[in-house]
Each structure stands twice: as C-alpha cells, then as structure tokens.
Amino acid sequence: MMNIKEFLNTQVLDVIKALGYEVKDALVSRSNRPELSDYQSNVAMPLAKVAHKSPREIAAHIAAELEKKDFISKVSVDGPGFINFRLSPSLWDKAFMDIFVQGDEFGSSDIGKGEKINVEFLSANPTGPLHVGHSRGAIFGDAVARLLSKVGYDVTKEYYVNDFGKQVDVLAESVYWRYEELFGHHVGEKIPEGRYPGDYVIPVAQSIKDLDGDKWLNRTDWLEYFKTKSIEQMLKLIQADAAKLGIQFDVFTSEKALVEAGAVDKTVQQMQDMNLLYRGVLPKPKGEETEDWAPVEQTLFRAKDFGDDGDRVILRSDGTKTYFTSDIAYHVDKFNRGFHQMIDIFGADHGGYVKRLKAAIKALTNAQASLDIALCQVVSLQKDGKPFRMSKRAGNFVLVDDILDEIDADAFRLFMLTKSADSQMSFDLAKTKEQSKDNPVFYIQYALARTYSVLNTYEKMFGTLPAQKDLNVNYAESSEAEHVLIQKMLDLSHVIEVAAQNKAPHLLAGYLYEIAGVFHSLWTQGAKSGHRFVDVEDIVQTNKNLTLILALQQVLKNGLNTLGINPKTKMERVEETD
RNA sequence: GUUCUCGUAGCUCAGUAGGAUAGAGCAACAGUUUCCUAAACUGUGGGUCGUGGGUUCGAUUCCCGCCGAGAACACCA
C-alpha cells in the first residue's frame, strides 16, 4: 500500500487532466476541516484564472468525476471552491493494515533512494567532557540522521576530531601538570592560568602513570605522547557522554591524521592549480574596532566569487594553515569517500562560517557536492531566571553528566527536540527537575504504557494475544474519535518525510504528542462510558480495539525510535510529594 | 556598519510545498477516579500572528522597508 496522499494526488490529477485542464499538481492535502472531509484539494482556485471559470464551477466539475471512483465515498464543494472528499472505508481498512504488514518499518519511505549522505555533528573539541552547550546540536544532529535513514538514505554519522590545534597542546600540558602532581610535585599550587582546571584530566594522568610509571618525569619529549593519550581518552569520555544521550557515531575523522597524510597540502595545491588562490591583503574589518589590526599579505581563497561576502585566509602571513584550510580538506575528503551529499550541523555561533565553507566546496567539487549546513541555535542557560554564563576560567561548566543526574535522558532529549532548531531557547538549570515533570516525553510514553497495559489485561483474560487473522479495525463501524486516531496513525510516513526534508525533528515530536493526546482522550471517553478496550462479553469488539491498540503501539514505537528515544512499556509511578 | 536567525495567548512553543474558523502545554478558573496506571481527561477565559507596504482569488506563511531579540564578522577553533 502506498502513501494515501500520493495515491489521491495522482488519482485526482488524472481526473483533472481527463477533463482537459492543465495542472502539474492536484494540490491534495489532509483536510484541516475534519467535519467536512478526510482529504481536500484546492486545485480549483488556481485553475479558475487560467480556465476563466469560477472556482466553484470547476470544483463541481471535478467533484462529479471523482464521485464515480470507488475509493471515494463522498465528495462536496465548499467555501470558495474547496473540493472535500471522504475516502471509502475499505480504503482506510486496507491502508491501516499496512501498519502490521510493515511493522517496525512502518513510517519508512525511500525518498532517499539509498543514496549516501554524511551527517557531521557535535564535533566538539576533544579537550573535555560534553557540556550542556553541546547537547542541543548533538541531539538534533543525531535525530536528523535517524530521520534521513528512515526515509531511505544511506546515512553515515560522523564526528570530526579537531585534534590538531593549540587547544590540544593545552590539554596535554594540563595532563602533564597533573601527572607531575601525582608524583608529589606542585604541592599547594593551583593549576596555572590557561590550563584546563577540570578534574577530568586527572584520570588521564593517572592512566599514564599506571602504564608508564615515572618514565615521563624530567623529560622534554613528552608532548606528543601526552597529546595522543589525552585525545584518546577525551574521545572515550565524549563518546560515553554521547551514548548517554542516545548518540553513536559511525566514523571519527581526525584532523591530525588528515594533515599528516598530506591531505591538507594536497587541497591547497589543488586550489592553487585551479587558480582559486592569490596573495593579497584583506580590508580592515568594519564595525568592531580592532586595534591590533595590521595590513598583512596572506594567501587568500577567492570565496567572494563563489557566494561568500569576502575572500578568506588559506595560508597566514607566516605560511601556516588556518582551521578553514583543513576543514576544506576534510570536506574534500568526505567527497572523495563518496559522499556527494553532506550535512553539517553547526551551532548558530558558527553561522558566519557557513558561506565560506559552501563557497569552498562549490569551487573545489565543481558544484558536484551538495553541502547543507543546518544551524542550531545556542541554548542560553539560566539559573533561577537569571542568565548563566559558562566560562573556562570560572570552571563552572555544566556537564551533560550533571544534567542527566537531574533529568531522565529521554526527557532531556525530547525537550531538545520539541522546539525547532532555529528557535532560541533557554534552559533553566534550577528548574530542570520541575520542567522534567511537565516534559512531553512522559505524555507520549504514558500513552504507550497504556497500550501495553491493555495488552496485559487481554492476555490475562484470554491467555494469549489476538491472532493476526483476527486483526481488523473495521473503519465503517468505528466512531468519530477512532477515525481521527486511525487517520492520524497513517500520517506517520508523511510526517517523517516532511521532518526529514526540512531537518525538523520537532515536527515528528509534535506529531507523537498529538497522537498520544487523541489516544488519551479516547481512553477516558471509554472509561466514562464503560467501554473498556478489553471486554470478555464482546470478542469481536475487543479484537477490533486490540487492533487499534497494537497499531498505535507500533506507530508510537517507530516514531520514538526515529527520534532516538527509548519506548517504555510501563511508567514508573511518580511518588507524590506533599 | 554588514551578514544570518528569530518575533504567534501572561509564560514556553507548534503551525514547512500560501488555503476555509490560527493551535497545544504551563499558569488561572470550574469539573472528572468502585474502572485496562489521573504523569490522564472535559470545559471556560485569554490573539490587531512585532509593524508598514507589496505579490495573489486568498498571506501567520513568499518579497521589501522599519522596530525589537540573539549570533557571527582578518591573522581562533
């Protein structure tokens, strides 16, 4: 069974064409007036102009033809010329059973056609554990990757390890200082300014001590070794933190390795050969009054020719490469690994970097690669309603670990996914627990838990779950409220498609919330009228109900999995305080 | 100053191929437990969709100006 909307669209399009009208799209969509229709088409309005007839006249014309179709049970023309139609119950039944046929795959599609796509996200500097500031982009990137894979892309989740810059030296120096400390040095001293004061470097020092003893004391050649060891362990730390948030990566690419393999030099050479570089002086930046600015000649990339606002430094005046240079090489590397489609997830604070990177990739791949950069707004932190700033110097980083002590990982994850990535959001650290209680994840999980609860009851009464052959919703004999639920369930694949295409996991989150609400409402209605889902007196009705329950369970599970949230089979009772 | 993102209920946010009467949650108020889990449900109040133009049959949605919020702007990553 195909996507209902697609099916209707082509069917209506055929009718329109048969009537002699010229259109590309039948403009069929889910109805936003459920009391009038299941689906609607707006096609008569734009047609009116070209056909020189009134929209209602055209709509009536089309409606008359549609009425003959067996998959449509009722058509009407309303308002200025909307064509409203209800689908035949048999079509709903057929479409519905697809949920069971597809099972865990329900909601999937193949708009990605199995094409390779690389999603790079998080890519935090390997100098410490993850803090809250990293979490939004990390969770967002992971959810986008899951969405893309659900719609049929061959997704690789990648982490770019910035293990080449100065910050890694600082890390190694910090570890070395702690290493010396473990041998009784620096008694009574505080770790010097400019090094990382965090406790997380101590275990790294300890592990080196355990492995090598005092062999690195009083030597000058420790730096490279300490760098390697530190990065290794920091990455482990980061991976562990990410895993707690439900994130795993497929590939880690090291900047250092790229540099050492000569990939960056090669890219510079390639740019040189393509005449993309020149020696020049950049104009003084406007706005901010930079005092230490001096006109220097550098090797620049003609980024402006490829859509950027200005040209960019590739080799500094002293001949060294910038971060941008190796990042270009990195993206070329991805391209060479066969990824012609790439998505980068950046924090909005890197927004100024987007144009130059796109320009570079466009220039170097002759526009063969599509690089899509999704910006994720930075989370502004608050504590008791007042802005809270994290700073290295103050050492007041709020770690992902700290947050997860206060709040369930799934709740945190969904909190980050219910808002669109480009909304600015604030996160109140003091209210974390409070917010946790109101988290929509519980609303959704509770709906799922209720479905399991019904199954348990059924099993208790009948000793087994209903057989596949007894599953049937019988749309024709279902109530209004059930129709709403059934229709909504069948929207899943469409919602996932739109969410994937727009890189907007919050659309799926919102959908799951809505569908949970429809179910909760249905539940209470039944409780009030005495219509329980499981009724020993009425096996036929019970099997019908169970069909609905099983389908809903599948939909919620598939949706939650796509967001990377663990579906729960039951809720822990929350203990009443006060 | 330039570029990017945002501005929807008191608060937090949905509304994404332009459609008919703009929606949730929280907060306020009034109700619903002999029952498959009340972390739930039902109802009430609350809006010039920042603002002024434009495009069109039709704009919260697309385009431009203005106001307001956030971020970025050579030689950091």
Side-chain angles (χ1 to χ4, degrees), chain A residues 25 27 29 31-33 36 40 42 45-46 48-49 54-55 78-82 84 123 125 162 164-167 255 281-288 290 292-296 298 300 308-313 316-318 320 322-324 326-327 347-355 375 377-378 380 418-426 435 437-443 445-447 449-458 460-461 498-499 501-502 504 506-507 509-510 513-514 516-517 519-528 530 532-535 545 549 570-574:
Chain A
D25 191 343
L27 299 173
S29 60
S31 172
N32 49 3
R33 300 287 295 267
L36 291 177
Q40 64 177 37
N42 308 328
M45 267 85 82
K49 201 162 69 171
S54 85
D78 303 279
F82 294 102
N84 283 312
S123 296
N125 283 338
N162 298 131
F164 195 69
K166 285 171 203 150
Q167 78 280 357
E255 180 184 5
V281 180
L282 283 176
K284 185 173 177 175
K286 286 169 187 159
E288 305 263 323
T290 37
D292 51 351
W293 184 85
V296 282
Q298 306 173 103
L300 305 171
D308 197 1
D309 302 323
D311 293 340
R312 304 294 174 179
V313 180
R316 298 181 191 120
S317 46
D318 64 2
T320 55
T322 61
Y323 174 78
F324 180 44
S326 51
D327 209 10
D349 53 344
H350 287 62
Y353 194 72
V354 172
K355 280 186 179 174
L375 292 183
Q377 286 294 324
V378 184
S380 66
T418 37
K419 286 134 211 214
S420 89
D422 42 31
S423 77
Q424 292 157 211
M425 65 183 237
S426 61
Q435 284 169 344
K437 263 197 304 186
D438 303 330
N439 196 293
V441 78
F442 298 114
Y443 190 78
Q445 300 273 31
Y446 187 41
R450 278 179 153 175
T451 66
Y452 279 99
S453 180
V454 174
L455 291 192
N456 287 339
T457 308
Y458 186 98
K460 248 180 246 164
M461 292 191 178
V498 174
Q501 277 164 339
N502 293 291
H506 75 279
L507 294 178
Y513 187 82
E514 257 180 54
F519 178 60
H520 283 310
S521 176
L522 199 61
W523 177 287
T524 313
Q525 273 178 39
K528 279 188 179 155
R532 297 163 64 83
F533 286 95
V534 182
D535 180 359
N545 291 339
I549 293 284
K570 63 177 174 195
M571 301 291 283
E572 309 273 324
R573 233 190 211 296
V574 88

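For the numbers below, each heavy atom of this structure counts, side chains included, while hydrogens, waters and symmetry mates do not.
- Residues A/Y353 and A/F324 have side chains in contact (heavy-atom distance under 4.5 Å, counting atoms from C-beta outward).
- With contacts defined as side-chain heavy-atom distances shorter than 4.5 Å, the pair A/F82/A/L36 does not qualify.
- Between B/A38 and A/R450, a contact under 4.0 Å exists linking OP1 or OP2 to a side-chain N or O.
- If you take atom P in B/G25 and the same atom in B/G54, they sit 38 Å apart, rounded to whole Å.
- B/G18: no Watson-Crick or G-U partner with both key distances under 3.5 Å is found in any strand.
- Base contact: A/N502 has a heavy atom under 4.0 Å from a base atom.
- Of all nucleotides present, none satisfies the Watson-Crick or G-U wobble test against B/A9 with each distance under 3.5 Å.
- Distance from the side chain of A/L507 is smallest for B/A14 among the nucleotides B/C57, B/A14, B/A72.
- A donor N or O paired with an acceptor N or O is not found under 3.5 Å between the base of B/A74 and the side-chain atoms of A/D311.
- Candidate nucleotides B/C36, B/A20, B/U5 were compared by shortest atom distance to the side chain of A/D422, and B/U5 ranks first.
- Using a 4.0 Å heavy-atom criterion, one finds that A/A48 contacts no nucleic acid atom at all.
- Nucleic acid contact class of A/P55 (heavy atoms, under 4.0 Å, all strands): none.
- At the heavy-atom level, A/Y513 lies under 4.0 Å from the strands shown only through sugar-phosphate atoms.
- The listed nucleotides are B/A77, B/A20, B/C41; the one nearest the side chain of A/F82 is B/A20.
- Using Watson-Crick or G-U wobble geometry with both donor-acceptor distances under 3.5 Å, B/G65 finds its partner in B/U51.
- Taking the side chain of A/H506 as heavy atoms from C-beta on, and the options B/C36, B/A77, B/G15, the nearest nucleotide is B/G15.
- Among the atoms of the strands shown, base atoms are found under 4.0 Å from some heavy atom of A/D78.
- Listed candidates were B/A38, B/U12, B/G19. Nearest to the side chain of A/W523 is B/A38.
- When the side-chain nitrogen and oxygen atoms of A/T524 are compared with OP1 and OP2 of B/C35, none of them lie within a distance under 4.0 Å.
- Across all strands shown, A/Q501 has no heavy atoms under 4.0 Å from either base or sugar-phosphate atoms.
- Across all strands shown, A/K570 has heavy atoms under 4.0 Å from base atoms, whether or not it also approaches the sugar-phosphate.
- Both A/F442 and A/E255 lie close to RNA chain B; mapped to their nearest nucleotides by heavy-atom distance, the more 5′-ward contact belongs to A/F442.
- Proximity note for A/V296 (side chain, C-beta onward) versus B/U16, B/A74, B/C13: the nearest is B/A74.
- An OP1 or OP2 oxygen of B/C57 is reached within less than 4.0 angstrom by a side-chain nitrogen or oxygen of A/K49.
- Taking the side chain of A/Y323 as heavy atoms from C-beta on, and the options B/A14, B/A77, B/G19, the nearest nucleotide is B/A77.
- Comparing the P positions of B/U12 and B/G70 gives an interatomic distance of 14 Å, to the nearest angstrom.
- Here the nucleotide nearest the side chain of A/D349, chosen from B/C36, B/A72, B/U16, is B/A72.
- Exactly one of A/Y458, A/Y452, A/W523 qualifies for a ring-ring contact (aromatic ring centres under 6.0 Å, His included) with A/F533. That residue is A/W523.
- Contacts of A/N42 with the nucleic acid, taken as non-hydrogen atoms under 4.0 Å apart, include base atoms.
- Partner of A/T322 under the side-chain contact (heavy atoms from CB on, under 4.5 Å) criterion, chosen from A/Q298, A/R316, A/R312: A/R316.
- Under the 90° criterion around 0 for the glycosidic angle, B/U33 counts as syn.
- Both distances falling under 3.5 Å, in either a Watson-Crick or a G-U wobble arrangement, place B/C4 opposite B/G70.
- With hydrogens and angles ignored, no donor-acceptor pair under 3.5 angstrom links the side chain of A/E514 to the base of B/A14.
- Residue-level contact check: A/D25 touches the bases, meaning some heavy atom is under 4.0 Å from a base atom.
- A/V313 comes within contact range of the sugar-phosphate backbone alone, with a heavy-atom separation under 4.0 Å but no base atom that close.
- A 3.5 Å limit on both hydrogen-bonding distances identifies B/C29 as the Watson-Crick or G-U partner of B/G43.
- Proximity of a side-chain donor or acceptor of A/Q40 to a complementary backbone N or O of A/R33 within less than 3.5 Å is not detected.
- The same atom, P, is picked in B/G65 and in B/U48; the two are 26 Å apart, to the nearest Å.
- Residue A/D327 is out of contact with every strand shown, counting any heavy-atom pair closer than 4.0 Å.
- A/D535 comes within contact range of no nucleotide atom at all, as no heavy-atom separation falls under 4.0 Å.
- One P atom belongs to B/G1, the other to B/C29, and the distance between them is 47 Å to the nearest Å.
- Using a 4.5 Å heavy-atom threshold, the side chains of A/V454 and A/R532 count as separate.
- Using a 4.0 Å heavy-atom distance criterion, A/R316 is classed as a sugar-phosphate-only contact.
- When the nucleotides B/C13, B/A77, B/G15 are ranked by their closest atom to the side chain of A/N162, B/A77 comes out on top.
- Projected onto RNA chain B by closest heavy-atom contact, A/Y353 and A/P283 fall at different nucleotides, the more 5' of which corresponds to A/P283.
- Set against B/C41, B/A74, B/A20, the side chain of A/S521 has B/C41 as its closest nucleotide.
- Taking atom C1' in both B/G47 and B/G23, the straight-line distance is 11 Å, to the nearest Å.
- Atom name C1', nucleotides B/A9 and B/G15: the rounded distance is 14 Å, in whole Å.
- If you take atom P in B/C26 and the same atom in B/C67, they sit 39 Å apart, rounded to whole Å.
- The gap from the C1' atom of B/G18 to that of B/U55 amounts to 11 Å, rounded to the nearest Å.
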